[in-house]
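Positions are given from 1 along the sequence. Just so it is clear, the model here is predicted, and its values are computed rather than measured. Both counts, for ligands and for their atoms, begin at 1 and track the order of listing.
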Amino acid sequence: MRYGIFSDIHSNLEAFQAVIEAYKKENIDRYLCVGDIVGYGVDPGGCIDKIKQLDALTIAGNHDWAAVELTDITYFNQVAKQAIVWTRDKISKEDKELLRSLKLVHEVTDFVLVHGTLNKPEEFNYLLDVELAMIDFGLMKKTISFVGHSHVAGIFIQEKGEISYSVQAQIKIDPKKKYIVNVGSVGQPRDRDNRASYCIFDADKKEVAIKRTEYDIARTQEKIIRAGMPPFLAARLSSGM
Ligand SMILES: [Fe+2]
């Protein structure tokens with residue numbers, strides 16, 4: 001079974017289309033989305049349509065829940081807030097139902113999906129350091145957890161109580177270890193690589209690969225500016241920050 005696992009599309013249709021094209025060469029059996037379909041970008045409906053076409057099992061990101069008022073946005077920064085208010089106006093009733101139905105955690109045979117952390121997933125904390133990784137490893141019943149949220153692709157590995165961090169693009173899963181794989185962001189990478197990030201998990205070969213693909217950034221930026229969204233949301237797509 002080959003899984004296509006991706007996260008943080010953030011209404012960036014050009015990036016999402018590029019990732020879908022890249023996945024076509026990968027013999028994917030099942031698509032999974034680790035949250036934040038919407039927010040920041042200007043194509044929420046188009047991205048939700050693609051999720052439906054892929055039949056991607058999707059879990060909730062903070063922006064998805066914020067768009068349907070299931071989570072508070074007082075802690076969102078100013079541009080994120082502005083984008084969420086804009087998004088609320090643009091999504092159909094049917095798409096709002098879909099966002100409202102998204103669950104926080106989903107377990108698949110040998111792995112688990114969560115947007116931020118398994119510890120209090122409803123708080124959408126950023127899993128960026130060893131301390132938080134340690135707590136999540138303690139809660140994991142599966143060998144691998146796939147996460148998003150930080151928009152930074154990378155892998156925490158636990159072996160005999162020790163935790164290391166790797167930015168290796170491809171790893172072989174050792175059943176004696178545990179892994180937290182951040183699949184990076186499709187539509188707004190923040191790891192100084194402006195290409196869209198996506199992950200492939202081959203459950204038979206026990207291999208995880210994180211890949212990148214280029215997309216038409218200029219077109220997305222133009223659409224963001226034309227929609228009257230904050231220019232910073234367009235500019236950051238070039239820098240990948
Ligand atoms: Fe996000």
message = So does Asp174 get a backbone contact from the side chain of Lys206, meaning a donor-acceptor N/O pair under 3.5 Å?
response = no
query = Is the ring centre of Tyr31 less than 6.0 Å from the ring centre of Tyr23?
reply = yes
task = Indicate if the distance from the Fe ion (ligand 1) to the nearest N, O or S atom of His115 falls below 2.8 Å.
result = no
query = Vertex the Fe ion (ligand 1): angle to NE2 of His10 and OD2 of Asp36, to 10°?
reply = 90°
query = At what distance, to the nearest 0.5 angstrom, does CD1 of Ile51 lie from SG of Cys33?
reply = 4.0 Å
task = Quick one: report the N, O or S atom of His151 that is nearest to the Fe ion (ligand 1).
result = NE2
task = Measure from the Fe ion (ligand 1) to every N/O/S atom of Asp8 and report the name of the nearest one.
result = OD1
query = Would you say His63 reaches the Fe ion (ligand 1) with an N/O/S atom under 2.8 Å?
reply = no
query = Would you call the rings of His151 and Tyr40 parallel, tilted or perpendicular if under 30° counts as parallel and over 60° as perpendicular?
reply = perpendicular
inquiry  = Under 4.0 Å between a side-chain nitrogen and a carboxylate oxygen: does that hold for Lys52 and Asp95?
reply    = yes
